[in-house]
Each structure stands twice: as structure tokens, then as C-alpha cells.
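Because the structure is a prediction, the values reported are computed rather than measured.
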Amino acid sequence: MISEIVNVARWEWFKLRFRWMPWILLALFLLFSQIGVWGSFLFFRDFQLEDVRANFTLPSSISGTLRNSQPFALILLAILAASTFGMEYGMGTLRMVLTRGTGRWQYLAGKFLVLATATVGSLGIVIAATAISSLIASALTSGWAQIGQSGSWMEAAVILGKIWFSLASYLALTGLVTVLTRSSATGTAISLGYFFAELIIVAIFTNLFDWFAAVAEYLLVQNILAWTEGSQSAIGIDGGTAPGQVHAFVVLLAYLVVLGVGAFWLFQRRDVTGASGG
């Protein structure tokens with residue numbers, strides 16, 4: 001049973017690595033992640049502000065890069081996940097794949113596995129690039145001031161685990177909506193639309209109604225941002241408070257389980273139709 005899931009994941013990776021989209025998304029993620037490092041370096045070079053030194057000094061630069069890149073990583077993962085889950089729906093090849101003997105839940109689990117693994121790999125590449133950039137930036141400033149280690153490697157490792165867990169919850173959401181709509185395009189639109197819609201709605205409603213702050217504490221994106229402490233949550237507007245760490249973990253775990261189970265349940269019960277074309 002495990003071997004079937006691994007085989008599906010290997011086949012999915014074989015298909016992904018020959019497509020342009022994953023590599024373009026990875027390149028965008030990599031470029032975006034370096035903005036903080038080099039922006040801080042240029043700011044330090046021009047104004048000599050010690051407050052920004054940690055942003056391009058290891059290992060704190062890794063923690064900061066991962067935190068700042070999280071929303072962008074979430075958007076890119078939603079695009080890739082919707083494309084991966086909806087590929088066979090769009091081409092009309094899903095029935096053929098399943099009739100070859102692959103179980104439905106093994107098939108879906110294999111897709112989740114390859115996407116979760118690709119997420120770890122992408123974060124690892126960003127960490128490596130950030131480490132190289134930080135070493136170069138630190139060397140370029142060595143003539144101005146003594147550069148020492150900033151932050152801790154343990155903190156960087158914890159942030160890496162937090163980022164991956166938060167992305168997994170949004171991966172479950174994208175998988176569910178794509179299976180529900182049977183369309184890569186619609187799955188992408190809903191997943192991305194929800195991300196921005198929640199931020200906008202929370203920002204507006206928490207300023208209009210005090211009681212909505214309590215509702216916002218259980219919304220997905222608010223807890224993703226609060227869990228990694230990487231972005232100002234919309235709940236924080238006008239003196240509000242973001243969800244605590246334990247609260248965010250429990251809420252994200254609940255979303256991961258409910259959305260994931262929902263995707264598998266729906267995929268198991270629905271009939272396979274012809275090509276959706278999108």
C-alpha cells in the first residue's frame with residue numbers, strides 16, 4: 001500500500017520535472033526570497049544602520065527570509081497544487097490512470113506526497129541561496145564593522161518546520177477545491193481568491209465590528225500568519241491581537257485534517273467524467 005503511494009509520487013515527480021511551470025514558480029520564489037537579504041544589505045551600506053544587519057547575517061537571515069517569503073510561497077504552492085491535482089481532470093486521462101489498478105486514495109495520497117516533498121525541497125533551495133547571499137553580503141561589509149553570528153540555527157530550523165506545516169494546511173485546501181471543481185483553473189482561482197479575500201474581509205470587518213475579531217481568530221490565513229509570526233495579521237489592526245501559537249497550531253491542524261479528509265472522501269465517492277478542459 002505504501003509502495004503504491006510512493007510509485008504514484010515518483011510518477012507525479014517525473015511529470016512535474018518536465019513541465020515549465022514548477023521551475024518558473026521556483027525561480028520566482030527564489031528571486032522573491034532574496035529581496036530581503038539584498039535590500040537590507042543595500043540599506044545598511046547606504047545608512048550604516050545596525051538594526052538591519054541581522055537581515056543579511058547568518059543564521060537570522062534564514063529565519064527572516066523564510067518568514068517574509070511565506071505568503072508568496074503559499075500563493076505559488078496553490079498555483080502548483082491546483083495544476084497538479086487538476087491535470088488529469090483537464091486532459092480527461094484520470095479514468096485511464098485509475099483503470100490501470102491504482103487505488104483512488106493511493107493516487108491522491110501520491111499527489112499530496114510529491115507536493116509536500118517539493119515544498120520541502122523548495123524551502124531547502126531558498127535556505128541554501130540565502131546562506132550564500134548572506135555570506136557574500138557579510139564579506140562585503142567586513143571592512144566597515146565586525147560581523148558576528150546573528151540569531152540561532154535552532155530558531156531557523158523551527159521556522160522551517162513551522163513554514164512547512166502552515167503550507168501543508170493550505171495545500172489541503174487547494175486539493176479539496178480542485179477535486180470539488182475538477183478544474184485546475186477554478187481550483188487556482190478559488191485558492192488564491194480565498195487568500196486575498198480573507199485578508200481584505202478581516203481588515204474591514206474587524207474595524208467595523210468588535211465581535212468579528214473572535215471569528216477571525218479561527219480563519220485559516222490568520223492562523224497561518226500567526227503560527228509563523230512572520231507577518232502582521234489583519235487581526236492586529238487597531239489594537240487587536242493575533243492568535244497565540246498553541247491556538248494557531250490547533251486550528252491549523254484541524255483545517256489540515258478536515259480539508260484533507262474532505263478531499264479524499266470526495267475523490268473516493270465521485271464518478272470520473274471526461275475532460276474538463278481547464
Review point. E155 versus I62: any side-chain heavy-atom pair under 4.5 Å?
Key: no
Review point. Any side-chain donor paired with an acceptor under 3.5 Å for E4 and Y107?
Key: no
Review point. Within the side chain of S33, is there an N or O that forms a donor-acceptor pair under 3.5 Å with the backbone of L30?
Key: yes
Check your understanding: For the residue pair F249 and W227, does the interplanar ring angle fall in the parallel (under 30°), tilted (30 to 60°) or perpendicular (over 60°) class?
Key -> tilted
Point to revise | Side chains of Y170 and L77 in contact at under 4.5 Å (non-hydrogen atoms) | key: no
Check your understanding: Does the side chain of Q222 come within less than 4.5 Å of L199's, by heavy atoms?
Key -> yes
Check your understanding: Do V114 and W11 come within less than 4.5 Å of each other through their side chains, counting heavy atoms only?
Key -> no
Review point. Relative to the ring of F14, is the ring of F18 parallel (under 30°), tilted (30 to 60°) or perpendicular (over 60°)?
Key: perpendicular
Practice item. Side-chain contact test, heavy atoms from C-beta onward, threshold under 4.5 Å: evaluate it for L256 versus L252 and give yes or no. Key: no
Practice item. State plainly whether one hydrophobic cluster holds both L220 and F165, where clusters connect Ile, Leu, Val, Met, Phe, Trp and Tyr through side-chain heavy atoms under 4.5 angstrom apart. Key: yes
Review point. What closest approach, in Å, do S60 and A54 show between heavy atoms, and which atom pair accounts for it?
Key: OG-O, 2.6 Å
Practice item. Could you tell me whether the side chain of S169 and the main chain of S166 form a donor-acceptor pair under 3.5 Å? Key: yes
Practice item. Report yes or no: do V215 and L208 belong to one cluster of Ile/Leu/Val/Met/Phe/Trp/Tyr joined by side chain heavy-atom distances under 4.5 Å? Key: yes
Revision key, fill the gap. On a heavy-atom basis, the closest approach of A263 and V179 is O-CG1, 4.2 Å
Check your understanding: Considering residues, nucleotides and ligands other than W164, do more than 12 of their heavy atoms fall under 6.0 Å from its CH2?
Key -> no
Practice item. Would you check if there is a donor-acceptor pair between the side chains of S61 and S134 at a distance under 3.5 Å? Key: yes
Review point. Are V258 and V250 in one and the same hydrophobic cluster, where Ile, Leu, Val, Met, Phe, Trp and Tyr link if side-chain heavy atoms are under 4.5 Å apart?
Key: no
Check your understanding: Are any side-chain N or O atoms of T141 and backbone N or O atoms of S138, one a donor and one an acceptor, separated by less than 3.5 Å?
Key -> yes
Which donor-acceptor pairs under 3.5 Å do the side chains of residues 78-85 make with protein atoms, sequence neighbours left out?
residue, atom, partner, partner atom, Å
S83, OG, R19, NH1, 3.2
S83, OG, R19, NH2, 2.6
T84, OG1, L80, O, 2.9

Check your understanding: Do the ring planes of F205 and F212 sit parallel (below 30°), tilted (30 to 60°) or perpendicular (above 60°)?
Key -> tilted
Exercise for review: Flag yes if W265 and V257 sit in one hydrophobic cluster, no otherwise; membership is Ile, Leu, Val, Met, Phe, Trp, Tyr, and two members link when side-chain heavy atoms are under 4.5 Å apart.
Suggested key: yes
Exercise for review: Taking the side chain as every heavy atom from C-beta outward, state whether V8 and L113 have any atom pair closer than 4.5 Å.
Suggested key: no
Review point. Is there a donor-acceptor pair under 3.5 Å between the side chain of Y255 and the backbone N or O of L173?
Key: no
**Study point:** E88 and R182, any side-chain heavy atoms less than 4.5 Å apart
**Key:** no
Exercise for review: Look at the rings of F267 and Y89 and say which category their plane angle falls in: under 30° parallel, 30 to 60° tilted, over 60° perpendicular.
Suggested key: perpendicular
**Study point:** Ring-ring centroid check F56 F43, cutoff 6.0 Å
**Key:** no
Review point. Which is it for W153 and L58 under the side chain to side chain contact (heavy atoms under 4.5 Å, CB included) test, yes or no, and what are the steps along the way?
Key: CA-CA 8 Å; W153 290 101; L58 289 172; 4.2 Å; yes
Exercise for review: Look at the side-chain heavy atoms of Ile, Leu, Val, Met, Phe, Trp and Tyr, link any pair under 4.5 Å apart, and say whether L115 and L28 land in one connected group.
Suggested key: yes
Practice item. Say whether, by atom type as modelled, one donor and one acceptor occur between the side chain of S191 and the main chain of T188 under 3.5 angstrom. Key: no
Check your understanding: Do other residues, nucleotides or ligands put more than 12 heavy atoms under 6.0 Å from W23 CH2?
Key -> no
Check your understanding: Is the shortest heavy-atom distance from the side chain of T228 to the side chain of I159 under 4.5 Å?
Key -> no
Practice item. Answer yes or no: is there an ion pair linking R17 with E12, defined by an N-O contact shorter than 4.0 Å? Key: no
